[in-house]
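Reviewing the structure listed below.
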Amino acid sequence: MEVMGQPANKLATDAAYQLWEDLRWYWPAFGNNGIGESNAVSALIRVLQKQSCCKNLDRSRGQSSYSFQAYTEVPSTPLSGGEGQGGAQPAKHRRLDLVVTWGCREYLEGRLLVEAKRLHNTSTAESLTRDIDRINEFRFIEENNDGAQVLNRLESDLGLIVALTCDKDLADWWEGQFDIGKKGSMGRFPKRKWGQAWQDLGDALSGLVNPVGGFEELDWDELFDEGKGSEYFLYVFFSRSGHSV
């Protein structure tokens, strides 16, 4: 799978490294507390922007349309309701952390829909499962948005889940959902974690279309003398509801 002409796993590695570089200068949390997932989204935006396919595009006003767009906290068209849905969900529960579109001038080529979380307990596991559904169901709001009809029909239509954790066993379990050589070997639950939420998340990850997933280790001991240990940048790119990759 490629995103903006680059292998998806390389973009994930670059985003993790960008996050590591950012945190060399400042740790945006108290003590040994984990950093917020929005820091990973910020790093990802900058890495994706560098991959803009229009390398020689005139970026003066009026000349740079549609080369690269990044939107945060993006609301989706509410579900119309139906069996099992319990009616339309409020807009505040239908937002995605990040939506990126790209192309050259007036020719849009693709979009990437992103949700990020810190992953450590059953509550966050449940949230990630819902995030996958939100990404697959997302549609741009067409009311008062002429461009939405174009954005809703782009050929390359991808999702991305990013999760940060300090639990190496959890990172290994996550990678095992996508590595053909390891798939299923880690069991349905991460080590020392039980509950339906973890099984549901594993099933959701295993059921993704054309997934490219894994993790990158960020060794904070290289940056700090206090022995913060490591953070793990978990990711999975996937084709949204079977759309083109």
Enter the distance from [X]:[atom1] to [Y]:[atom2] here, rounded to the nearest 0.5 Å.
X	Y	atom1	atom2	value
Ile161	Arg134	CD1	CZ	8.5 Å
Leu113	Tyr71	CG	OH	12.5 Å
Leu218	Glu216	CG	CD	8.0 Å
Glu126	Ser123	CD	OG	6.0 Å
Asp200	Thr129	CG	OG1	6.0 Å
Asp167	Ser230	CG	OG	12.0 Å

Is there a donor-acceptor contact under 3.5 Å from the side chain of [X] to the main chain of [Y]?
X	Y	result
Thr122	Ala197	no
Arg240	Gly159	no
Asn136	Asp133	no
Arg95	Glu73	yes
Glu175	Ala171	no

Flag side-chain contact, heavy atom, 4.5 Å: [X] against [Y]:
X	Y	value
Leu98	Leu160	no
Leu112	Trp102	yes
Leu158	Val3	yes
Ser206	Phe178	no
Asp22	Asn39	no
Asp157	Arg111	yes
Phe233	Thr13	no
Ile141	Ser76	no

Provide the closest heavy-atom pair for [X] versus [Y] in the form atom of the first, atom of the second, distance.
X	Y	result
Thr165	Leu119	OG1-O, 3.0 Å
Gly36	Leu164	O-CD1, 4.2 Å
Ile45	Phe68	O-CZ, 3.9 Å
Trp174	Val236	CZ2-CG1, 3.8 Å
Asp219	Trp20	O-NE1, 3.5 Å
Glu115	Leu96	OE2-CA, 3.0 Å

Can you see whether Asp14 engages Gln18 through a side-chain donor-acceptor pair at a distance of less than 3.5 angstrom?
no
Residues Glu109 and Ser156: side-chain donor-acceptor under 3.5 angstrom
no
Could you please spell out the steps behind the side-chain contact (heavy atoms from CB on, under 4.5 Å) verdict for Val47 and Leu11?
CA-CA 7 Å; Val47 167; Leu11 287 176; 4.0 Å; yes
Answer yes or no: is there an ion pair linking [X] with [Y], defined by an N-O contact shorter than 4.0 Å?
X	Y	result
Lys168	Glu231	no
Lys193	Asp169	no
Glu137	Arg139	no

Sequence neighbours left out, what passes ring-ring contact (aromatic ring centres under 6.0 Å, His included) with Tyr235? Give chain and number order.
none
Picking from Asp131, Asp97, Thr124, what satisfies side chain to side chain donor-acceptor pair (under 3.5 Å) with Lys117?
Asp131
Check the pair Leu208 / Gln177 against side-chain contact (heavy atoms from CB on, under 4.5 Å), numbers first and verdict last.
CA-CA 10 Å; Leu208 294 174; Gln177 308 305 308; over 6 Å; no
Residue pair Val114, Val99: steps toward the side-chain contact (heavy atoms from CB on, under 4.5 Å) verdict
CA-CA 6 Å; Val114 183; Val99 173; over 6 Å; no
